[in-house]
Number of protein chains: 2
Amino acid sequence: MTERAEPAGVGRDPEAVSKFVEGFAAQLVEAGMQRMPARVFAALLASDSGSLTSAELGEQLRVSPAAVSGAVRYLAQQHMVSREREPGSRRERYRVHSNQWYEALTNREAVLKRWETALRDGVTSLGADTPAGRRMAETLAFFEFVDGEIAAMMERWRAHREKTFGA
Amino acid sequence: MTERAEPAGVGRDPEAVSKFVEGFAAQLVEAGMQRMPARVFAALLASDSGSLTSAELGEQLRVSPAAVSGAVRYLAQQHMVSREREPGSRRERYRVHSNQWYEALTNREAVLKRWETALRDGVTSLGADTPAGRRMAETLAFFEFVDGEIAAMMERWRAHREKTFGA
DNA sequence: TCTTAACTTCACAATTTTCTGAAAGTAGCG
DNA sequence: CGCTACTTTCAGAAAATTGTGAAGTTAAGA
């Protein structure tokens, strides 16, 4: 048995939480995310309320307020978390809205757009009639195709989700 | 006018090629790829034959053979390029097969699978009946959904591609 | 079998990134 | 209006990453 009464502080088995947090963060890092944002994000994902304060994050991850600040700024820019002010306090909470965040994930759209731009430039400057130009044109077409497909896919997911989890 | 006769060596306007290579590589880096693999890959993508030798890569990018070796090993592991031995020579060629490489790109499948594993572990260890557990279960469901969709999408792309570019 | 062209591995130096402590900024509340 | 609780910014130390030169390995051709 590993069950126990809920301690007021962190709640649940801090050991298990930490294990998940570090493990999931490691996967995100491997996929290209910076370490600190990854850890902060994983911690939020694993929290029951889906939201933690700066101080809670710092304590749980054993890092300085400065580190939390930087990580959270990054995550907010990527729309993976939102910040909210606790009413009647200058304390801030960072929140992950279950679905909003993976919607953001598919909004790598910005990335795709930049790739497309670079490829278009390449086709132009190397010549659309050269072998290299044709290869890049095909790649470009692929990304444009994917762009459209992703939007449709998310639509299907929302329907699927509603059926499975309720609105 | 920037046109010129084809010099035997690099071919085309080396200036324009380099500009594309460094620009596209920069985008890949921003998306999480290491710098050297990104540069090597971009150089291959921009080559007319779609293939370059180790020496050509080193010269064009002004880097050591060691750097090329490391970059190419990574790219081959990701199935983004393939290596071929030039018959009757110990010289090796690295090649990007127009379509094979972006098929590989969608084979971030391996990445998705690892995320799914981490999430499943999380659901189990934090409890499927806790709020955090439910959030992770929903995220997990999303990734599983995406998994299936990507396969279908690639199928549609292949059809679309054939129509547009011919087999 | 020997020679040698080509690729790979490895230890280290240089660069870049990341995190911290301290100082500065901001906004609630008396 | 100031006090204080919190957050952000910034310079620099520590750590991680990256690319190099040199030595090691492999295999083609004589």
Side-chain angles (χ1 to χ4, degrees), chain A residues 9 18 21-22 24-44 49 51-78 80-96, chain B residues 9 18 21-22 25-44 51-78 80-96:
Chain A
S18 176
V21 168
E22 298 305 331
F24 194 66
Q27 297 302 332
L28 294 176
V29 167
E30 197 164 341
M33 192 186 284
Q34 293 155 332
R35 180 167 307 277
M36 193 58 67
R39 296 179 71 209
V40 166
F41 183 74
L44 284 169
S49 64
S51 84
L52 295 168
T53 66
S54 187
E56 288 168 336
L57 284 166
E59 190 193 350
Q60 192 182 328
L61 302 175
R62 321 308 292 313
V63 294
S64 72
V68 173
S69 174
V72 153
R73 172 158 36 116
Y74 172 83
L75 292 171
Q77 269 170 1
Q78 308 296 313
M80 292 179 68
V81 308
S82 49
R83 19 187 11 145
E84 23 184 272
R85 207 36 158 290
E86 273 188 342
S89 162
R90 54 243 94 163
R91 191 171 281 155
E92 214 147 312
R93 299 193 74 80
Y94 307 107
R95 173 176 304 275
V96 52
Chain B
S18 176
V21 168
E22 298 305 333
Q27 296 303 332
L28 294 175
V29 167
E30 197 165 341
M33 193 186 282
Q34 292 155 331
R35 179 168 309 276
M36 193 58 66
R39 296 180 70 209
V40 166
F41 182 73
L44 284 168
S51 85
L52 295 170
T53 66
S54 188
E56 288 167 336
L57 283 166
E59 191 192 349
Q60 191 181 329
L61 302 175
R62 321 309 290 314
V63 295
S64 71
V68 174
S69 174
V72 153
R73 171 159 36 114
Y74 173 83
L75 291 170
Q77 269 169 0
Q78 308 296 313
M80 292 179 68
V81 309
S82 49
R83 16 184 19 142
E84 20 185 273
R85 207 34 159 288
E86 272 187 345
S89 162
R90 57 242 94 162
R91 190 170 282 155
E92 213 146 314
R93 298 195 74 80
Y94 306 108
R95 174 177 303 277
V96 53

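Keep in mind that what you see is a predicted model, and the values were worked out from it rather than measured.
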Practice item. Check the distance between C:dT17's C1' and B:Glu30's CD and give it to me in whole angstrom. Key: 16 Å

Review point. For B:Arg85, which residues count as a salt bridge (charged side-chain N to carboxylate O under 4.0 Å, His left out) partner, sequence neighbours excluded?
Key: B:Glu92

**Study point:** Length of the line joining A:Glu59:CD and D:dC6:C1', which is rounded to integer Å
**Key:** 16 Å

Please tabulate, for side-chain N and O atoms in residues 70-78 of chain A, each donor-acceptor pair with protein atoms closer than 3.5 Å (sequence neighbours left out).
none

Might you list the N or O atoms of the protein lying below 3.5 Å from N or O atoms in nucleotides 12-17 of chain D, with each pair's distance?
none

Practice item. Send over the distance from B:Met36 CE to C:dT15 P, rounded to a whole Å. Key: 14 Å

Exercise for review: Return the 5'-most residue of the pair B:Pro37, A:Glu92 with respect to DNA chain D, ranking by each residue's nearest nucleotide.
Suggested key: A:Glu92

**Study point:** Residues in side chain to side chain contact (heavy atoms under 4.5 Å, CB included) contact with A:Ser54, at least two apart in sequence or another chain
**Key:** A:Val68, A:Tyr94

Study note, to complete from the structure: Judged by nearest nucleotide, the residue sitting upstream toward the 5' end of DNA chain C, B:Arg93 or A:Ala67, is B:Arg93

Check your understanding: salt bridge (charged side-chain N to carboxylate O under 4.0 Å, His left out) with A:Arg95: which residues, sequence neighbours excluded?
Key -> A:Glu84

Check your understanding: Tell me: CD of A:Gln77 to P of D:dT8, nearest whole Å?
Key -> 12 Å

Exercise for review: Find the distance B:Arg83:CZ to D:dT26:C1' and express it as a whole number of Å.
Suggested key: 13 Å

Exercise for review: With sequence neighbours excluded, tell me which residues meet side chain to side chain donor-acceptor pair (under 3.5 Å) with A:Glu22.
Suggested key: A:Arg39

**Study point:** Which residues share a salt bridge (charged side-chain N to carboxylate O under 4.0 Å, His left out) with A:Arg90, sequence neighbours left out
**Key:** none

Review point. Does a nitrogen or oxygen in the side chain of B:Arg39 sit under 4.0 Å from OP1 or OP2 of D:dT18?
Key: no

Review point. With a 4.0 Å cut-off on heavy atoms, is A:Tyr94 in touch with a base, just the backbone sugar-phosphate, or nothing at all?
Key: sugar-phosphate

Practice item. Return yes when atom CZ of B:Arg35 has more than 12 non-hydrogen atoms of other residues, nucleotides or ligands closer than 6.0 Å, and no otherwise. Key: no

Practice item. Rounded to the nearest angstrom, tell me the gap between atom CG in A:Leu52 and atom P in D:dT7. Key: 12 Å

Practice item. Send over the distance from A:Met33 CE to C:dT18 P, rounded to a whole Å. Key: 13 Å

Check your understanding: Are any side-chain N or O atoms of B:Glu56 and backbone N or O atoms of B:Thr53, one a donor and one an acceptor, separated by less than 3.5 Å?
Key -> yes

For nucleotides 21-30 of chain C, list the nitrogen or oxygen atoms of the protein found under 3.5 Å from its nitrogen or oxygen atoms, one pair per line.
from: C:dC29; atom 1: OP1; to: A:Gly88; atom 2: O; distance (Å): 3.2

Exercise for review: Sequence neighbours left out, what passes side chain to side chain contact (heavy atoms under 4.5 Å, CB included) with A:Ala67? Give chain and number order.
Suggested key: A:Met36, A:Val63, A:Ser64

Review point. Which part of the nucleic acid, if any, lies within reach of B:Val68 when heavy atoms closer than 4.0 Å are counted: base, sugar-phosphate only, or nothing?
Key: nothing

**Study point:** Listed partners of A:Ala26 passing side chain to side chain contact (heavy atoms under 4.5 Å, CB included), at least two apart
**Key:** none

Distances under 3.5 Å between protein N/O atoms and the N/O atoms of nucleotides 11-13 of chain C, please, pair by pair.
none

**Study point:** Main-chain N/O of B:Ser51 paired with B:Arg93 side-chain donor or acceptor, under 3.5 Å
**Key:** yes

Study note, to complete from the structure: B:Ala42 meets the side chain to side chain contact (heavy atoms under 4.5 Å, CB included) criterion, sequence neighbours left out, with B:Val21, B:Phe24, B:Ala25

Review point. Between B:Tyr74 (OH) and D:dT18 (P), how many Å, whole number?
Key: 10 Å

Check your understanding: Nearest to the side chain of A:Arg91 - D:dC6, D:dG19, C:dT8?
Key -> D:dC6

